[in-house]
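Residue numbers begin at 1 in each chain, while the letters A, B, ... track the order of the sequences. Worth knowing before you read on, the calculation uses all heavy atoms, side chains too, and leaves out hydrogens, waters and symmetry mates.
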Amino acid sequence: MLKVLKNSIIVFLFLFVSCTSSVNSEKELLKWLSESKNGFVKVSAANGFVLSIKYLPPEYLALNELSKDDNNGDKTYNDYLELFNKSRTFLLTINHEEESVDASKYGVFNLAEYSQRIKDLSFNIKDVIFLKTSSGHKYNPVLTTMENMYEIRNKKSIYMVFSDDQGEILNSEKLDIVFQDIFLDTGISHFVFDKKKIDQLPNLNFLNK
Amino acid sequence: MKISNNVHYLVYAILFFLIGYLFLIQRTSKKIALVNTQTVLEKYQGFIEAQDLYEIEINKMSDSFDRQKALYESKSNELKILSTKLSKKAIEIKTEELEMLKAKTMQLGKSIENKAVKQEELLLKGIYNKVNDFIERYAKRHGIDMITGVTSSGNVLYASEAIDITDMIIIGLNKEYVEGIEK
């Protein structure tokens with residue numbers, strides 16, 4: 001009887017260890033976040049454009065802040081973690097299957113229109129993107145910013161931060177990010193994230209080293 | 001014994017030939033499928049949502065036009081009532097003001113009409129692009145060489161149900177609309 005119980009515990013422990021994943025470096029964490037089965041990335045496509053939204057967990061953002069050159073060491077990982085725990089940050093990436101097509105130049109015919117498009121993608125995009133919670137409330141991003149790639153690649157990356165005073169965004173079971181595209185003819189796209197999945201990061205073993 | 005062996009060889013040869021022939025047919029025959037585009041649009045969540053969005057926008061614009069129209073009508077009635085009491089000069093001024101208001105109202109109506117057409121074009125373009133993109137991926141995934149779109153006024157007079165993939169396209173499109181593309 002005792003032997004059976006012992007074997008059951010071993011099997012349980014083995015299963016527990018196999019289910020709780022862990023990563024050993026920032027590089028591994030990045031790879032883990034990009035794997036679609038983990039639920040941190042959602043993809044939509046139309047008109048040759050591939051729109052992808054990745055949830056950036058507070059842990060990743062905190063690590064990112066720590067590694068920046070302007071970090072003079074007065075803030076710790078936990079300080080940043082506390083800060084980023086109050087909001088949800090997503091990264092929208094737009095690229096086209098053809099190298100020559102770029103979101104900043106699509107449907108643009110002169111310099112004034114190009115300048116407007118850059119403004120639209122950097123700032124005005126927050127008017128056409130919103131986050132819908134499980135209760136149906138809609139929230140526009142409190143901050144959007146486009147990563148400057150200096151037109152090296154045909155990829156555009158836009159960071160979006162969602163936050164509310166009531167904490168509904170943090171506690172909603174489903175987070176449906178809706179992009180009502182008026183720039184690239186890709187229509188309405190939904191990117192639905194599951195709270196259970198995006199709040200389940202693997203153990204970050206490298207933090208304790 | 002020898003005859004039996006010969007029969008075996010013959011059977012093997014026939015089988016080999018048949019498999020080769022079937023393989024050749026499989027490789028050379030083209031797969032064609034058919035989609036009822038009207039049904040796809042009617043049942044596509046993206047189209048339904050875009051339609052709702054369009055209606056909300058149109059209603060908003062109509063409200064502002066209705067307010068402007070009501071203002072013009074009220075001013076027009078006011079002038080009719082007061083015309084007997086006002087001087088000729090005052091009537092002229094009021095009439096001029098009213099004409100300006102009428103022109104402004106008509107201009108607003110025209111601008112709303114143009115905006116509505118543009119909005120509809122934008123929404124439909126996005127939807128068509130999404131549907132076309134999905135159909136292309138679906139065809140590639142299922143090894144289909146050609147997918148024909150059928151409309152009520154189209155040229156396809158008969159097609160077997162076996163090649164009608166409308167339901168599959170609707171299911172796939174709606175699944176992708178909510179869950180995104182599976183990588």
With a 4.5 angstrom heavy-atom cut-off, could you sort out which part of I182(A) is near chain B: side chain, backbone, both or neither? both
Looking only at atom types and distance, does a side-chain atom of S122(A) sit under 3.5 Å from a main-chain N or O of I118(A), one as donor and one as acceptor? yes
Using only heavy-atom distances, determine whether the side chains of S172(A) and S134(A) contain a donor-acceptor pair under 3.5 Å. yes
Minimum heavy-atom distance between S157(A) and L91(A), given as atom pair plus value: CB-CD1, 3.9 Å
For chain B, which residues of residues 184-193 of chain A have heavy atoms nearer than 4.5 angstrom: D185(A), T186(A), G187(A), I188(A), S189(A), H190(A), V192(A)
Sequence neighbours excluded, every pair satisfying salt bridge (Lys or Arg N to Asp or Glu O under 4.0 Å) that has a member inside residues 47-71 of chain B: E57(B)-K60(B)
Not counting sequence neighbours, list each pair that qualifies as a ring-ring contact (aromatic ring centres under 6.0 Å, His included) and has a residue in residues 141-166 of chain B. Y138(B)-H142(B)
Students often mix this up, so state it plainly: with edges at 30° and 60°, are the rings of Y12(B) and H8(B) parallel, tilted or perpendicular? parallel
Going by atom types only, do Q38(B) and T151(B) share a side-chain donor-acceptor pair under 3.5 Å? no
Assess, by modelled atom type and distance only, whether the side chains of N95(A) and N154(A) contain a donor and an acceptor separated by less than 3.5 Å. no
Name, in order of residue number, those residues of residues 120-134 of chain B that have a heavy atom at a distance of less than 4.5 Å from a heavy atom in chain A; otherwise write 'none'. L122(B), K125(B), G126(B), N129(B), K130(B), D133(B)
Compute whether any side-chain donor of one residue and acceptor of the other, for K54(A) and T93(A), lie under 3.5 angstrom apart. no
Heavy-atom distances under 4.5 Å only: say whether E179(B) touches chain A with side chain, backbone, both or neither. backbone
Do F162(A) and F130(A) make the cut of ring centroids closer than 6.0 angstrom? no
